[in-house]
Amino acid sequence: MPSVLIIGAGFAGIGMAVELRRAGFSDVTVVEKAADLGGVWRDNTYPGAGCDVPSPYYSFSYAPSSSWPVRFSPRTDIKEYLTRVADRFGIRPRFGVEVTAASWDGARWQVETGTGEVLEADVLVPAVGQLSRPSMPDIVGQASFAGPSFHSARWDHSVDLAGKRVAVIGTGASAIQFVPRIQPAVAELTVFQRTAPYVVPKPDVAYAEWRKRFRLAQQAERAFFWALCEVGTLGIMGNTAVTKSVEWIALRHLRNQVPDPALRAKLTPDYRIGCKRVLFSDDYLPALMAPNVHVETAAITQIVPSGVRTAAGVVDADVIVYGTGFTATDFLAPIKIRGVDTDLGSAWADGARAYLGMAVPGFPNMFLMYGPNTNLGSGSILYMLERQARYIRQAVEHVATYGSGLDVRHDVADRFDSEMRRRLAGTAWTRCRSWYRVGTGPVTTNWPGTVSEYHRRTKRLAVSDFRMVVPA
Ligand code: NAP
């Protein structure tokens, strides 16, 4: 039976291990650099952290939960859910093991860890996520700031924000969750907005007890949101009826929530919807109207000891919170991965790419979870992860049956990559700057279709897409 080493104990890594365990594979090791499982749901402890994908859809299909308190559950419930799934299937990650490098020795993967330990595996599954490495902006004078500063994904809970002047940089999905939570406690809050996001209502509900136990209601809700997200994807793909409708909903939400025309003008996006992630919130815009909040749209030029400088002057601050996102396009960094005759850094010099987001030519028996071109603009990433786990499990079954390695063919991978680039070039995502791409380069993070298409294309592993590698 092949041995499988999975790097990362977030939803991707745990989901992969469960899939293999359910298929009867026992030699499966999950290593995790942190001391606990959970991935982004472990790391993002900022006030108000939760998921804006409805929980019945943000669950594994084989593990529906009757414990979701609300439709858009907080991160603690999501992390508890993952812990329960891992426990139920007997997945026990090895914590505190950081993978630093991995190389293919002609027959197996040799995996080095931070402590110098070398692990061997027939199949390697990096499942390190796209949003695990915080992105700190490169602003002049950052180190000179006199007070505490931290990134939203590394929230410093030892800093008491009560009564402080707080500067928040960024207005993405993270900031819009923590801004309303910290606003009532702080003395002054300045939100530095570079690009106004589209914000739509968040139809949250608390689940009644009867409903929690009524499996059919959950399944219906899951199906409903699956369908709704598929429609949203059509908008990103260019369906103007969808984009115009969502844009109308967002602008109406803004009108309803922000009566002040000057503030509303600042908060009105100047680009067509879909390019950046649409945000769901009922409390973000009202928080910006509070008397202790100021939305600053002048560009930041420098961080100074007393605060943040823009062309309009210096905004004094006691604390700076960076809600500036993640380096999503640096897939797998900083792990050094060497395949048959090249390293991943060179293979990805023009941007990360992988066949179906999972397989890279020249890297036999390595399959990525949540790899390039698998993120969604609208939908549940867990749906995609389940499809990837199913596909990779079939690869492991092949290795178990034939003993040979699987190396995706160059022509197959190249054709797939050309298709991705062609299709992505026509999407809304190319119209602005975002974490989906480096600068104005190609979009390397996102899947350019519906999840139904991904489901169809990954359902059966086609062995003919691969070159068989006979162990040396
Ligand atoms: P993000 O969406 O990348 O937002 C980063 C924000 O920081 C943007 O507003 C960006 O402005 C701003 N920014 C970056 N550098 C800046 C600079 N030098 N000066 C001024 N502003 C700067 O990051 P995020 O909010 O952490 O969210 C990242 C992703 O995590 C989301 O898209 C989502 O997929 C995931 N997430 C999901 C949830 C959920 O509920 N499911 C919650 C949180 C996060 P520009 O827009 O102008 O670049």
Side-chain angles (χ1 to χ4, degrees), residues 7-8 12 99-104 109 124-138 236-237 275-277 325-377 381 384 388 391-392 406-449 453-454 457-458 465-467 469:
I7 311 172
V99 171
T100 52
S103 58
W104 175 253
W109 282 96
L124 180 67
V125 183
V128 299
Q130 292 191 11
L131 300 169
S132 55
R133 294 161 305 277
S135 165
M136 284 296 273
D138 189 13
I236 295 168
M237 298 309 114
C275 170
K276 285 176 188 287
R277 202 166 181 281
F326 302 87
T327 57
T329 48
D330 293 345
F331 293 88
L332 291 183
I335 305 173
K336 298 203 178 337
I337 301 194
R338 182 144 192 95
V340 174
D341 53 14
T342 186
D343 61 83
L344 203 55
S346 312
W348 284 355
D350 296 332
R353 56 183 76 187
Y355 178 56
L356 295 170
M358 292 181 273
V360 185
F363 295 80
N365 283 2
M366 179 180 87
F367 298 94
L368 311 176
M369 292 285 286
Y370 200 10
N373 299 117
T374 61
N375 182 58
L376 301 173
I381 202 63
M384 298 291 274
Q388 288 152 26
Y391 183 92
I392 297 169
L406 289 173
D407 189 2
V408 68
R409 283 167 33 199
H410 271 283
D411 59 321
V412 170
D414 285 351
R415 208 165 36 244
F416 178 79
D417 189 50
S418 304
E419 178 201 335
M420 289 297 105
R421 287 181 190 235
R422 178 178 47 76
R423 289 175 62 182
L424 284 159
T427 63
W429 293 317
T430 55
R431 294 194 209 116
C432 68
R433 164 184 51 200
S434 73
W435 61 266
Y436 302 147
R437 62 211 291 233
V438 183
T440 55
V443 174
T444 53
T445 54
N446 290 2
W447 171 246
E453 181 193 341
Y454 193 76
R457 292 179 70 170
T458 54
D465 287 343
F466 292 83
R467 199 173 60 82
V469 178

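- Taking CZ of R338 as the reference point, atom CG of L344 lies at 11.0 Å (rounded to 0.5 Å).
- Rounded to the nearest 0.5 Å, atoms CZ (R437) and SG (C432) are 7.5 Å apart.
- The shortest non-hydrogen separation linking A127 to M369 is CB-CB, 3.8 Å.
- Atoms CD and CG, from Q130 and L332 in turn, are 10.0 Å apart once rounded to the nearest 0.5 Å.
- Looking at heavy atoms from C-beta onward, F326 lies out of side-chain contact with S132 at the 4.5 angstrom threshold.
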- Query: Where do I335 and V128 land on the side-chain contact (heavy atoms from CB on, under 4.5 Å) test, with the steps shown first?
  - Reply: CA-CA 10 Å; I335 305 173; V128 299; 4.2 Å; yes
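- Of all heavy-atom pairs spanning V360 and A354, the tightest one is CG2-CB, 3.9 Å.
- Partners of R423 under the salt bridge (charged side-chain N to carboxylate O under 4.0 Å, His left out) rule, at least two apart in sequence or in another chain, are E419, E453.
- D465 and Y355 share a donor-acceptor pair across their side chains, judged by distance under 3.5 Å alone.
- Residues G371 and F331 approach most closely at C-CE2, 3.6 Å, considering heavy atoms.
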- Message: Pair W348, T329 - check side-chain contact (heavy atoms from CB on, under 4.5 Å), show working.
- Response: CA-CA 11 Å; W348 284 355; T329 48; over 6 Å; no
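- Relative orientation of the Y454 and W447 rings is perpendicular, given thresholds of 30° and 60° on the angle between their planes.
- Atoms OG1 and CG, from T444 and D350 in turn, are 11.5 Å apart once rounded to the nearest 0.5 Å.
- Of the possible polar contacts, one joining the R133 side chain to the T327 backbone as a donor-acceptor pair under 3.5 Å is found.
- Residues Y436 and K276 fail the side-chain proximity criterion, which asks for heavy atoms closer than 4.5 Å.
- Shown here for G357 and F416, the closest heavy-atom pair between the two residues is N-CE2, 4.1 Å.
- Taking every heavy atom of both residues into account, M420 and P448 meet most closely at SD-CD, 3.5 Å.
- Side-chain atoms of Y370 and T445, non-hydrogen and from C-beta on, never get closer than 4.5 Å to each other.
- You'll find the side chain of F363 stays beyond 4.5 Å of the side chain of V408, heavy atoms only.
- Contact annotation: the side chain of Y391 never approaches that of R457 to less than 4.5 Å [non-hydrogen atoms, C-beta and beyond].
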- Query: Can you check side-chain contact (heavy atoms from CB on, under 4.5 Å) on T374 and Q388, steps first, answer last?
  - Reply: CA-CA 9 Å; T374 61; Q388 288 152 26; 3.4 Å; yes
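- Taking every heavy atom of both residues into account, R421 and G351 meet most closely at NH2-O, 4.2 Å.
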- Task: Apply side-chain contact (heavy atoms from CB on, under 4.5 Å) to N446 and L376, showing your working.
- Result: CA-CA 6 Å; N446 290 2; L376 301 173; over 6 Å; no
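- The side-chain heavy atoms of K336 and D343, taken from C-beta on, include no pair separated by under 4.5 Å.
- With sequence neighbours excluded, the residues satisfying salt bridge (charged side-chain N to carboxylate O under 4.0 Å, His left out) with D407 are R467.
- Taking the side chain as every heavy atom from C-beta outward, V125 and I392 approach each other to under 4.5 Å.
- Atom CZ of R422 sits about 10.0 Å away from atom CG of L424, to the nearest 0.5 Å.
- Going from atom CG of N375 over to atom CZ of R277 covers 8.0 Å, rounded to the nearest 0.5 Å.
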